[in-house]
Amino acid sequence: MTEKWDVLGHELVPDHKVLSKEETKELLKRFKIGAFQMPRIRSNDPAAMACGAKPGDIVKITRKSPTAGKVLAYRYVIEG
Amino acid sequence: MRIAKMIDRIDFGLMSSDDIRKMSVTKIVTADTYDEDGYPIEGGLMDLRLGVIDPGLRCRTCGAGARDCPGHFGHIEIARPVVNIGYVEDIYDCLRATCRSRTCGRILLSDEKATNIRKEIESQKKEGGRWWEISKKAIRDASAVETCPHCKEKKIKIKFEKPTSFNEGKNRLTPSDVRERLEKIPNDDLLLMGIDPLVARPEWMVLTVVPVPPVTVRPSITIESGVRSEDDMTHKLVDVIRINQRLADNIESGAPHLIVEDLWELLQYHVTTYIDNAVSGVPPARHRSGRVLRTIAQRLRGKEGRFRGNLSGKRVDFSARTVVSPDPNISINEIGLTEYVAKTLTVPVRVTEHNLEDLRNFVRRGPDAYPGANYLMSPDGKRYDLRYADREELANNLEVGYRLERHLKDGDIVLFNRQPSLHRMSIMAHEVKVLPGKTFRLNLSVCPPYNADFDGDEMNVHVPQTEEAQAEARILMKVQEQILSPRFGGPIIGGIQDHITGAYLLTKRDTKLSRDDAQQLLASARMFKDLPKPAGKEDGEEYWTGKQIYSMLFPKDLNLRFKAKICENCASCKKEDCEIDAYVSIKDGELVTGVIDARAMKALDRCEILDRIIKDYGTTAAKDYLDNATKLSIASAMKFGFTTGIDDEDIPTEAIDRINEAIDDAKEKVKKLIEVYNAGELEPLPGRSLHETLEMRIMGVLAESRDTAGSIAEKYLGLTNHAVVMARTGARGSMLNLTQMAACVGQQSVRGERISRGYKGRTLPHFKAGDLGADARGFISSSYKGGLKPLEFFFHAMGGREGLVDTAVRTAQSGYLQRRLINALQDLRVEYDGTVRDDRGYIVQFVYGEDNVDPSRSEGGKSVNVKKILSQIVGD
């Protein structure tokens, strides 16, 4: 069991990406919110770990949607 | 509106003993309430300083009479402290997380840890997070510590024994000991445990004074015979005072320790049940009759408690309730009210120069003549009751600026509701129509959203009183605005039952109408239009087809193509050339081919035509179409005649013979299967045991035999049969219902299996133990019409009972689920930027529903209907 399993490579796991500082600022401004008012994700979540997210980061999740094609969601990374 | 004071914030906390004494107007010392003359005793529970409830007496605190005195608190000084049952868990938390030393009393966490926790709590509070969960963790950590980090005192494990006692090792901690310890905890440490010392100190969770609520809270009632009956809370307070007195006396006289302890315990019991009479481990206090007393917690808790029963849900003015009955002649937007209701419920109207003369007449007619008015308000706020006032004089003096509470009249807007209000279509706005009779009348098409029928259902009416409320109701809540359900993006209001059969009878292929008949139909649908050109001549007489008449309902440029309900799903569709006329084609508002049935106009079904009209032509056009189409359908059903009876399920003897043959074949097959099984030669299905395999095979064979029986019967049940017309068009019932009546009922089941319980190895004593045959396990080969054999009847009752229990359980469970969902989701809303947020501004969804589509404005849940756009552009 030495081979590392690539979580993000799985079909059912949507694409996770950590936002840069500027992107984070832009996002919070766009929604007029503080980071704490966002949905959260734990830093020990397998997908969060796989994309290298640290507490305080914001993760962008790109999901497939049967109605809208592509959907963007954001998660605030918390300790956990 | 003038605001005297603005609420900035609300603190919730505990009351200290001093707070309780401060708000008290008197100490209560005697357990007696009234003297022999029925006059309240001073220092008793009905002391006149606590407020008055009997008319004539005056409150000795505020001087007001029974009507105006709000009541005032008193207090009881108890001889020994007792634990407040509402906070025992928190007392336990405080005890186990702090040092036992008399000199220390600190929380069992090092200063370093404490600062960390403090910081974490601060940051969570700023973010609006769940800071108390950190406190909970702090308490858990502290209670695991063995020695105090501040004074090195060894900890002795404290055990909490429900409901109210605490033991430290072998020693029992009395409430006095507990209180002493709680007093020691410093304010700074309290914050770590989630207690704000500004509003609560832990020792206040141990009572030394019991507040006595005002008499207005616990009024006594006098029965006609003059006997007084006291409120449950008064009874309980009497108990508290009695035991408290005995305890005090015994302490005073230096009684043995044991006796004092016992009385103390008893006092704890009475104070506990006074606060909450449903604590587990405490026998509930009872009335002399054996009835359980309703004390403080019981008044607040549960469905009929103060919160759910009186604050979240109130009884309201301007409402009416009675039985509902159908009226196919009124619009779906209307509601039939009785004159009595219209005369009792009123709308306030402002007097302006435009309506002055008109309203004068309303004043003159007064409360008894309809349409009149009940009250008149002058600009200076005076209120005239038109029952007693000089109406002629008031009418003549009527000026601009008065407000008149006028009877409801035709065209007013009211809200109509049927419980359970499960979705937003359970409350819709209707226009008033005053009709004779004593019931509320509603159009049959609005039955599905309300889930109403007329077997005795009652419904409620509410009258919006302000212009804003009326406008909102008209624009947002009117029935025509609610035709499309937000649940699936299709019409929830549409034709039902006879509307479907009527439309089918009118639009099927061979329907030909003479000029008289055609005009008669149009007139009964209130469509006063000219007939189109006749479809042709027969025996020298002009005739019109039903399709022509029905087409007159459509907008002139309606184009639509779909398959009707009666469609048999042939491998290759012949479209317009369909033998059974199941391909509906509407070209430029003309029904060219196809019949109108459930697919075209049934509520909750596809409802294609109404769906198209409402989405392309608007709600008013849809309302007009539905009103006219239902009337036309009913008129057609009456013109052509439509009836059903048990002879609709008659099938010829040869059919019965064939059915019996098929069933006998199946039973024979079952017998063979059992033989194979008994011989051990049955091949098990993957993942199934041998027995399961047998059961599945048998069920398969029997289900198939019922279907065969059904299809044999169906061959003899054609579209000339009215029951079949209803089933095939989707108006009511299914072909399965019919074949069960005509041919064979089929297998009865309990928990998805053939019936197998009852006796050892058999269902009933009429069978051999171990008999696995069709008859022994609940297969009914008879038809409902032919009649069930006694054993079959019994099996049928078993299956039927399970269905009954299931529905009962399901409604209870889904009701509770619904309540929890509503509580969880009630504060969510879609903001203007398309995000879904809760009341704190927390984002729940970044894009509403992932696609920003309102399902009630969508095409069956999708934002675009490609098929429709294509046919519009390409032309087919």
Side-chain angles (χ1 to χ4, degrees), chain A residues 8 10-48 50-51 53-80, chain B residues 116-117 119-134 136-138 141 486-490 824-825 827-867:
Chain A
L8 294 180
H10 194 279
E11 192 195 34
L12 294 177
V13 179
D15 184 42
H16 286 60
K17 225 189 94 206
V18 181
L19 288 191
S20 71
K21 271 237 168 70
E22 295 80 62
E23 286 173 316
T24 305
K25 238 175 110 184
E26 198 273 326
L27 179 87
L28 295 182
K29 218 180 119 192
R30 176 148 57 96
F31 288 113
K32 300 194 175 85
I33 49 167
F36 61 88
Q37 286 171 309
M38 291 185 30
R40 286 135 201 225
I41 189 169
R42 281 172 183 255
S43 60
N44 65 3
D45 182 286
C51 71
K54 296 277 164 297
D57 286 347
I58 287 175
V59 176
K60 179 167 95 171
I61 303 170
T62 314
R63 285 198 277 249
K64 280 187 282 183
S65 158
T67 48
K70 199 177 80 175
V71 187
L72 296 182
Y74 302 90
R75 294 286 121 102
Y76 177 48
V77 184
I78 56 161
E79 205 99 33
Chain B
N116 279 338
I117 292 168
K119 263 192 208 142
E120 220 177 312
I121 290 178
E122 270 322 301
S123 81
Q124 283 291 312
K125 266 189 179 166
K126 218 165 47 212
E127 292 186 0
R130 305 162 162 247
W131 59 270
W132 54 89
E133 300 211 328
I134 297 167
K136 261 190 205 149
K137 219 182 101 218
D141 290 348
R487 202 167 70 208
F488 48 84
L825 302 177
D827 295 316
L828 302 192
R829 66 175 197 171
V830 183
E831 301 286 345
Y832 284 101
D833 65 354
T835 57
V836 181
R837 304 188 189 208
D838 68 7
D839 49 341
R840 303 168 303 176
Y842 279 41
I843 291 188
V844 177
Q845 285 180 6
F846 286 92
V847 182
Y848 167 73
E850 295 195 338
D851 54 7
N852 263 337
V853 170
D854 172 0
S856 61
R857 274 146 217 279
S858 69
E859 295 275 355
K862 296 228 167 60
S863 47
V864 277
N865 185 343
V866 180
K867 208 178 121 198

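The chains referred to below are lettered A, B, ... by the order of the sequence lines, with proteins before strands, and numbering in each begins at 1. Computed from heavy atoms alone, side chains included, the values below leave out hydrogens, waters and symmetry copies.
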CG on B/Asp838 to CD on A/Gln37, rounded to 0.5 Å: 8.5 Å
By salt bridge (Lys or Arg N to Asp or Glu O under 4.0 Å) - contacts of B/Glu122 (at least two apart): none
Residues B/Asp833, A/Lys32; criterion side chain to side chain contact (heavy atoms under 4.5 Å, CB included); working and verdict: CA-CA 10 Å; B/Asp833 65 354; A/Lys32 300 194 175 85; over 6 Å; no
Heavy-atom contacts under 4.5 Å, residues 53-63 of chain A to chain B: A/Arg63
Trace of the side chain to side chain contact (heavy atoms under 4.5 Å, CB included) decision for A/Phe31 with B/Glu831: CA-CA 11 Å; A/Phe31 288 113; B/Glu831 301 286 345; over 6 Å; no
Results of side chain to side chain contact (heavy atoms under 4.5 Å, CB included) for B/Asn116 - residues two or more places apart only: none
Interatomic distance, A/Phe36 atom CZ to B/Arg840 atom CZ [nearest 0.5 angstrom]: 9.5 Å
Sequence neighbours excluded and cut-off under 3.5 Å, please list the side-chain donor-acceptor pairs for residues 66-80 of chain A, or say none.
from	atom 1	to	atom 2	distance (Å)
A/Thr67	OG1	A/Ser65	OG	3.2
A/Thr67	OG1	B/Asp851	OD2	3.1

